[in-house]
Structures are given as C-alpha cells and as structure tokens.
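For reference, the structure discussed in these notes is given below.
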Protein chains: 2
Amino acid sequence: MQLRKTRASFSSRTTMADVARDVGVSAITVSRALRTPETVSEALRTRIAEACDRLGYVPSRVASALASARSMTISVLIPSLSNIVFIDVIVGIKETLDRLGYQMLMGITGYDDPGAEERLLRRHLEFAPDGILLTGADQSEAVRALLKSFAVPSVHMMDDCAWPECWWVGFSNFDAGAAAGRHLLANGRRRVAIVAAQLDPRSVRRCDGCRAALVEAGCYDPALDLRLPQPSSIALGAEVTAGLVARNPECDGVFFCNDDLAHGALFWCGQQGIAVPQRLAMIGFHDLSASAWTPTPLTTVETPRARIGRDAALLLTRRIADPAMPPQHIDHGFQLIRRASA
Amino acid sequence: MQLRKTRASFSSRTTMADVARDVGVSAITVSRALRTPETVSEALRTRIAEACDRLGYVPSRVASALASARSMTISVLIPSLSNIVFIDVIVGIKETLDRLGYQMLMGITGYDDPGAEERLLRRHLEFAPDGILLTGADQSEAVRALLKSFAVPSVHMMDDCAWPECWWVGFSNFDAGAAAGRHLLANGRRRVAIVAAQLDPRSVRRCDGCRAALVEAGCYDPALDLRLPQPSSIALGAEVTAGLVARNPECDGVFFCNDDLAHGALFWCGQQGIAVPQRLAMIGFHDLSASAWTPTPLTTVETPRARIGRDAALLLTRRIADPAMPPQHIDHGFQLIRRASA
DNA sequence: CGCCCCTTTGTTAGCGCTAACATCGCGCGT
DNA sequence: ACGCGCGATGTTAGCGCTAACAAAGGGGCG
C-alpha cells in the first residue's frame, strides 16, 4: 500500500468512473449515454441518468477536450468592448454558441498596436479553441500564418473580403459609405465633410466609399476630409464639429464614420442654434439606439450586427463540423435609415 | 508494429515532448523552464526557449488544466450584455485577468428566469473554472449549494452583502438610492416619483433606499412609486414620463433607477417643452457617458463599475491563490454627480 | 442449422501535461 | 576522507475522459 499523497484533482468531484461504478457498467457506457444516448439501451440510459442526478455528476470538459481534441470553445477577437457595435455582435455570437453548447473566449485587440492581434491569438491558441471569429479581414501575415499552421477554422466578421478562400459574414463598408455619401448629395449638399475617428480599417473603408461618391459627383474637397486618430466619443464629435464650422463655414453636410460622433455634433448644433439639416445635414453610421432620440433624429446607416454575430458563429460551427466544406460568404447588407438630420 | 490509426489530437501540434526531444532533456524540464524558470539552469533555459521558438511550440492549457487541476479560467455571470453597466464591469475584469493570464468565460443569466443562474453555473462548472464572479448577492439556495459542493471560490459584484462569509466588491445600492432621494428633497421637491424598470434585485434595492428617504421626510406617495417589468430603454423612459405627467401633474421630481430611462424622459420633456428642472427635476443612476450630453445634462449617481470589476477579479485570484484567506469586502461607494436636471 | 450482421457493451491505450518522489553530482564543513 | 545539504534533472504515474478496436448475444435468412 502506497502512502504517496493523492495528487490534486478538481475538488475531488464526482467522475464518470464513479457514476459507472454506481450503475455497474464501464465508464465508456456512461460516456456514450451522455453523448450519444441512442447507442445505449433505454433501461441503462435511465439508470445512468438517475445515477448522474443522484451523485451530482458534472462532466469535465477539460478531460473531454484532451481526449477528443474538441474543446467546445470558440475564440472571438474584437477591437474593443467600449464600442457598443461589437457588443451587439457578441450578443449574436453568444445566442448561437449557447444553443450549440460552445463557450466563448473573448480577446480584445485594441486599435493601436499592430502586433496585438497576433499575440492575443497565440494566447488563445493555448486554450485550443475549436474555431476563431475575427473582426474584419485585414489580418497581418503573422496572424494568417498562425491560423494556417494550427489549422483552426476561422470566420471573419463585419466586413467583406475579396479573397475567395476567406470565410466571412458582414457587409461592404465601402458600399455603405458610398450610399451615405450619395444620400447627402441627393439632399443637394455639395460641400460635404468626411469625419473619421479611431482609424480602424473598416472606418477607413467606409470613408473611402463616401469619398468615392463625392469624387464621382465632382465635389470632393480634401480640406473637408478629416481623420482623427483619437477614440471616437460624443465629446469628440462636438469638438470636431465646432472646429469644422469655424474653419469651413461653407460646409453643408457631414458624414460621420459612426453615430457617437454624430450625436456629439447634433448636441453641439442644438446648443449653438445651428439648424440641422437646413444649415448642416449629417449622417452617421451603425444606428445606435439613441440615434432615434437625438435633438434632431439622426439619419444613419443601420448595420445588422447581431445577425452578423449569430450567422458568423453558425457558419463557423458548420465549418468545424465539416472541414471539407467550401468557403462561404454571407453579405447581410446595410440599410439607410432616413430621419430628420439628412 | 501496430497499424491502429493514430487518434485525433489537436491538429498534431508541437508538444512539450517534441521540444524536450529536440533539446535532449526530459519533458518535465521543459515544463519547469516555462513555469518556474528559476529552477532550471540558465544554459538549459536558453536552449529550451530557443527550441520553443523554432518549433512554434504553444503549450496546451487543456492538458495543463487536467494535470494540475488549474484551468486558468474564471467564469463571470452577469444578467445582460445590452446593459452597458455590465460591459464596464467586464472591461475592468478583463483588465485584471489579462494581466494575470486568466481567460474569462462569460455567462448571461437574463432578468426573468429564476432558475437560469443555476443552470448556467452548472454549465460553467463543466469547464472547471478556477473561480466565479457573480452579479449581486441574491443567489438562489441552489446556486449557493453548487458553489459550496464544488468548492469554487467566488466573489460577488455590484452590491453589498450583510452576510460576513460573503466576498464582495461593490457599493450599497440602498444608500445610493437614498442619497438620490435626499438630493431631490434638498432641491425642495415634495412630490417625488420613483421609476424602476427591469426589476432586478439591485434596482429594487436602490428604489428601496430612495423610498426610505422619502418616507423619512414624510412625503412618500405610493401612487408615484412605479415598477415596470419591461426592459429599461430610452423609449420606455419617454413613455412612462408622458404617463406620469398626465396622471400626476403635481409630481415635481423623479428618481429613475437608471440613466436610460432618464434620457428618454429628458428627450420627451425637451420635445414637450416641459422645463427641467423647474417644472420636473430628475435624477438618474450610473452616469452613462451620454448623461453629460442630454438636452438638460443629467444629475445622476456615478458607480465605479470598471474599478469594481477590476478589484473583484483581483480579489478572486487572491482567494484562489490562498484558500485560507478570510472573507474580504470592498465598498467602492458611489458619487452624486450634480448637473442641471436636479 | 450455420452464417452473417447488427446492436450493445467492454477493454485498452492514450490525449499532453504536471505532482510527487527519486537521483545525481557538487561544494562544503569537519 | 566522509557525509550532508542543496540545486538541477529525471522517472513514474495519473488527471478524467474518449477513439479505436473487440467481443458477446440475438435475430434473420438461405
């Protein structure tokens, strides 16, 4: 008889072997009763279920993951939590993953550090996720190499991607920006400013789209094309609008790359008595819930964020289940929401 | 020679054994070089680090978790993602956990189903988290029993708790509500309404606090004490204020159990030309970023959400490291933010 | 009646790592 | 010269589960 100390275990929890012993079968039968009930006779299945209940058995996904090479976790990499846009995406993702029994591991890349996504990915790979959801399709070479060498299925969210091998669920930020620009033009605006903050690739692409629309109409003015590196906020929107009106009094319309900035602009115009849209029309991006409630309700581009999250997660789990599946792309589009501001 | 198929493994990744073979040492030495570098000679340590790099070795936390009974994950149970308040808490939690190398597993309990938290906890226990962060201290008996039987350390967030064994980081919702009530009274208001939506225990407690303040001042009127089961939103705030003004024209002040409702009320008053605070004073709760930007800036109670998340996570990891530690409570308080609305 | 196939259960051997104990060699004090 | 302590490395076993193969029993069919 050894006197060797028993080694640490997860709080000496009830194991599958305990349940098996209790019922008088082998562990694999318990395993099957839980995972593939149809392969176990009904009588046994009932006795096993009863024993699990009675003993308070909670299966260990850690052991299961090691044995089956399926961790039942999905890593989700997003740039920020402070941006409600990504929260909506997460809500959609969780809806799908909860239903399918996956857990979500979340990683925040930030906007500034170009190497952050790779470091984060490496950290997440330690947890052996069954798949990865990425924001945008502008990943670095290092990130793509890691994904490939670890053979982790991935799906990109919130933008489109020209590369046919890329799995993505999103919409064209370029087209959405262009639609916003054309709407301002259709409103008779000729001196249109473009305001972008937090220069992530998707904001840049929608500004590109808006710019293209202005160029096409022959009224693009680089002096009205503002790029701010700071994080987007209501306060920044107010500040930048004040500067814009002071320096470019002829400006008669603004495309803001997101709604927060537009909210700040609207509040500031309200305080200053600047008539929106008569004097200055404006259009935002994403249609946040407050956009229907600003002093002048905000015309904006609605993006189906929760649907994108939901479908990206669904697509990813399908890809995990069938590695031979050909690449899929889902374009969920966008919708111009016409309110009073433009 | 067996022809048995090799079993599934995590995409045939490089293992610790591969690194050990490459360097010409045993696996345990590699393990030590990574986890407790000071126990391995410097020469070996360098060669091991070099081999890890060259082979692209990423340690498997799944195997590590099984062997060491430490999963390096923390489960966080919150009621909702749509409520920005909890996002702020999550931001704080992630700040701490990222620094300490933990991963976060997130569970959403919702507001309605009383059994949801227990089911969710059970699901999370399958992943063998090293600790659990819970919202509030009103858990069901079943939840407390599960936590006890699995011996998972936990810390409660966002409220205080009278029970001395309970570890918590938060503030007194009751006191915060009372402070809001007293502020309205100090503004000379005598016909004060209390409006609560999404009746979670913390909202209820802050309304209790406000009510106590009104009772103490001898001006509590049950007809002005509104409890709405619906989810809180800007639209609901507008709607309920319209009803309140119509039915109770004498009402001169309102305590809203959160800022969203107050925003809706302010927008509605702006549209209707109702003077805030002259005709109707109002005070919100949580100090969301938009509260400084409403038509009339909102007086509200600031809650240190990110700090609570950060410190709750820190406390939890300390409790994990030292199971003998006595229960800790951190009261981060709250702060009345005086703006124009009251 | 024997054969085959299908359903149901079991045996064996890991998945990749780490706890616990074992061992080895070196410097030091006496 | 000897033993002791200590730092550095190794051996063994096992965490709790599941893949792969094995086997037993029953039923259908020529």
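Just so it is clear: chains get the letters A, B, ... in the order the sequence lines come, proteins before strands, and each one is counted from 1. Just so it is clear, the model here is predicted, and its values are computed rather than measured.
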Worksheet entry | Distance, rounded to the nearest Å, where E126(B) contributes CD and dC17(D) contributes P | 10 Å

Discussion item. What is the distance, to the nearest angstrom, from the CG atom on L125(B) to the C1' atom on dG16(D)?
Written reply: 16 Å

Practice prompt. State whether the number of non-hydrogen atoms from other residues, nucleotides or ligands found under 6.0 Å of E42(B) atom CD is greater than 12.
Written response: no

Worksheet item: Can you find a side chain N or O atom of Y57(B) that sits less than 4.0 Å from OP1 or OP2 on dG16(C)?
Response: no

Practice prompt. Figure out the CD1/P separation between I48(A) and dT8(C), and round it to whole Å.
Written response: 13 Å

Item to complete: Starting from P on dC15(C), measure out to CG on L66(B) and report it in whole angstrom.
Response: 13 Å

Discussion item. Once you apply a heavy-atom cut-off of 4.0 Å, does S26(B) come out as touching a base, just sugar-phosphate, or nothing?
Written reply: base

Practice prompt. Using heavy atoms to find the nearest nucleotide of DNA chain C for I28(A) and V58(B) separately, return the residue whose nucleotide is more 5′.
Written response: I28(A)

Practice prompt. Please confirm whether the backbone N or O of A116(A) pairs with a side-chain atom of T109(A), one donor and one acceptor, at under 3.5 Å?
Written response: no

Item to complete: Nearest whole angstrom, please: distance from the P of dA8(D) to the CZ of R47(B).
Response: 15 Å

Worksheet item: Taking CD from E38(A) and C1' from dT9(C), how many angstroms apart are they, rounded to a whole number?
Response: 15 Å

List the atom pairs, with distances to 0.1 Å, where a side-chain N or O of residues 48-58 of chain A and a protein N or O form a donor-acceptor pair under 3.5 Å, not counting sequence neighbours.
| residue | atom | partner | partner atom | Å |
| --- | --- | --- | --- | --- |
| E50(A) | OE1 | R54(A) | NH2 | 3.2 |
| E50(A) | OE2 | R54(A) | NE | 2.8 |
| R54(A) | NH1 | D22(A) | OD2 | 3.3 |
| R54(A) | NH2 | D22(A) | OD1 | 2.9 |

Item to complete: For E42(B) and dT9(D), give me the distance from atom CD to atom P, rounded to whole Å.
Response: 12 Å

Fill in: Closest nucleotide among dC17(C), dT9(D), dT9(C) to the R32(B) side chain
dT9(D)

Worksheet item: Between T29(A) and S64(B), who's closer to the 5' end of DNA chain C by nearest nucleotide?
Response: T29(A)

Worksheet item: Quick one: is S41(A) getting a side-chain N or O under 4.0 Å of the dT9(C) phosphate, OP1 or OP2?
Response: yes

Item to complete: Give the nucleotide from the list dG16(D), dT18(C), dT9(C) with an atom nearest to the side chain of A67(B).
Response: dT18(C)

Practice prompt. Assign R35(B) to base, sugar-phosphate, or nothing according to its heavy-atom contacts below 4.0 angstrom with the strands shown.
Written response: sugar-phosphate

Fill in: Residue M16(B), side-chain atoms from C-beta onward, closest of dT9(D), dT9(C), dT18(C)
dT18(C)

Discussion item. Can you give me the closest heavy-atom contact between Q103(A) and L97(A), atom names plus distance?
Written reply: O-CD1, 4.5 Å

Discussion item. In this structure, how many angstroms lie between the P atom of dC17(D) and the CZ atom of R21(A), rounded?
Written reply: 12 Å

Worksheet, complete the sentence: Taking for G24(B) and for A63(B) the nucleotide of DNA chain D with the nearest heavy atom, the one nearer the 5' end belongs to G24(B)

Practice prompt. Output yes when at least one side-chain N/O atom of S68(B) is less than 4.0 Å from OP1 or OP2 of dC17(C), else no.
Written response: no

Discussion item. Quick check: closest heavy atoms across I108(B) and P79(B), and the distance to 0.1 Å?
Written reply: CG2-O, 3.3 Å

Fill in: Distance-only donor-acceptor test, R61(A) side-chain atoms vs dG16(D) base atoms, 3.5 Å
no

